[in-house]
Amino acid sequence: MRLFFFLFALLSSTLTSAAITRGQFSQVTDSWGSNPTNTGFYIYVPRNLASKPGIIVAIHYCTGTAQAYYQGTPYAQLAEQYGFIVIYPSSPYSGTCWDVSSHAALTHNGGGDSNSIANMVTWTTSQYNADTSKIFVTGSSSGAMMTNVMAATYPELFKAAIVYSGVSAGCFYSAAGQVDAWNSSCAQGQVEASPQAWASIAENMYPGYSGARPKMQIYHGSIDTTLYPENYNETCKQWAGVFGYNYGAPQQVEQNNPQSQYTTTIWGPNLHGIYATGVGHTVPVNGARDMQWFGFA
Ligand SMILES: *[C@@H]1O[C@H](CO)[C@@H](O)[C@H](O)[C@H]1NC(C)=O
Ligand SMILES: *[C@@H]1O[C@H](CO)[C@@H](O)[C@H](O)[C@H]1NC(C)=O
């Protein structure tokens, strides 16, 4: 009888995380929570896992996949170095952009992709006893748009975010309620609003929320012809508005930082913008700098 229970326990503990292998890009097939849009859930749990690990959600670009973003970014190697877990969501749509246009996606617990991604974070946090003060989100292009949306819809989950060449949260909003819609006027830099108006759009994605919000680092290239560079200003306006910074009067502007031709603008501790002159779509991920913004290095 005892042996039976022992074998049963062994078998079930093997089964619960059969799909997740330490040190390998793995798909999470366990029942991990509600997944209203059938978003793919992939994960990298490092061999060198911290006892209370951090989590980085790394969100792919249009035409990308979780696997492509795993291969094309340094987060898995950095996970081995710092002991955090990486979540790679994979978009469920055929063009594999993210839905950042529907009301559902732009609403806390609204049942969109953002909701599915938040549920991945919640599951991973409890499964691995993660440190909730070390949960971060980043992404490129469509993944950068989603990063802004995650920061607006789930501010309570994330401590910091890094946006590589996206648009402000809500800029792709589809008045017709279309899911996963492309919005040319936003992409081409024709949607302009004041910091206060952008802030209200972000704040209305989680009405009544008054707690802490992730600090934001915004990258954009000056010759981006996919998401025009005007989107840099609009995104910085949005978060300046949310944090109550004076958009027109940043604290500091540093030329050639973090590298030649890049300009860092600091509105305050919660908002840094990095404008990359001569860089198109998208600004390359800078893993070492990301580790500093997230506080691992
Ligand atoms: C594009 O987004 C803006 C808001 O940023 C919205 O006013 C406009 O209606 C959208 N365009 C389409 C075609 O949905
Ligand atoms: C962004 O804002 C800066 C500062 O106001 C301005 O000089 C620049 O022309 C703007 N960029 C674009 C692409 O509109």
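Counting starts at 1 for both ligands and their atoms, in listed order.
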Which of the ligand 1 atoms, numbered from 1, are nearer than 4.0 Å to a heavy atom of V191: 5 (O)
Parallel, tilted or perpendicular: rings of W182 and F172 (30°, 60°): perpendicular
Whether F294 and F136 hold their rings parallel, tilted or perpendicular, with breakpoints at 30° and 60°: parallel
Donor-acceptor contact below 3.5 Å, side chain T138 vs main chain I162: yes
Nearest neighbour in protein (non-hydrogen) for atom 9 (O) of ligand 1: A175 CB, 4.2 Å
Passing candidate, side-chain contact (heavy atoms from CB on, under 4.5 Å) with Y44, options R22, E80, Q24: E80
Plane angle bin for Y88 and Y70 - parallel if under 30°, tilted between 30 and 60°, otherwise perpendicular: perpendicular
T282 side chain reached by H220 side chain, heavy atoms, under 4.5 Å: no
Nearest-0.5 Å distance, OH of residue Y219 to NE2 of residue H272: 11.0 Å
Contact check: E230 vs ligand 2, nitrogen or oxygen atoms, below 3.5 angstrom: no
Interfacing atoms of ligand 1 (cut-off 4.0 Å, heavy-atom, G170): 5 (O)
Rounded distance (nearest 0.5 Å) linking atom OG1 of T225 with atom CD1 of I223: 8.0 Å
Protein non-hydrogen atom below 4.0 angstrom of atom 11 (N) of ligand 1 present: yes
Atoms of ligand 1, numbered as shown, that sit under 4.0 Å from any heavy atom of C171: 1 (C), 2 (O), 3 (C), 4 (C), 5 (O)
Protein non-hydrogen atom found under 4.0 Å from atom 4 (C) of ligand 1: yes
Numbered atoms and elements of ligand 1 in range of S174, under 4.0 angstrom, heavy atoms: 14 (O)
Protein contact to atom 1 (C) of ligand 2 [nearest heavy atom, distance to 0.1 Å]: N233 ND2, 1.5 Å
Contact (N/O only, under 3.5 Å) between N183 and ligand 1: yes
Geometric N/O contact Y173 with ligand 1, under 3.5 angstrom: yes
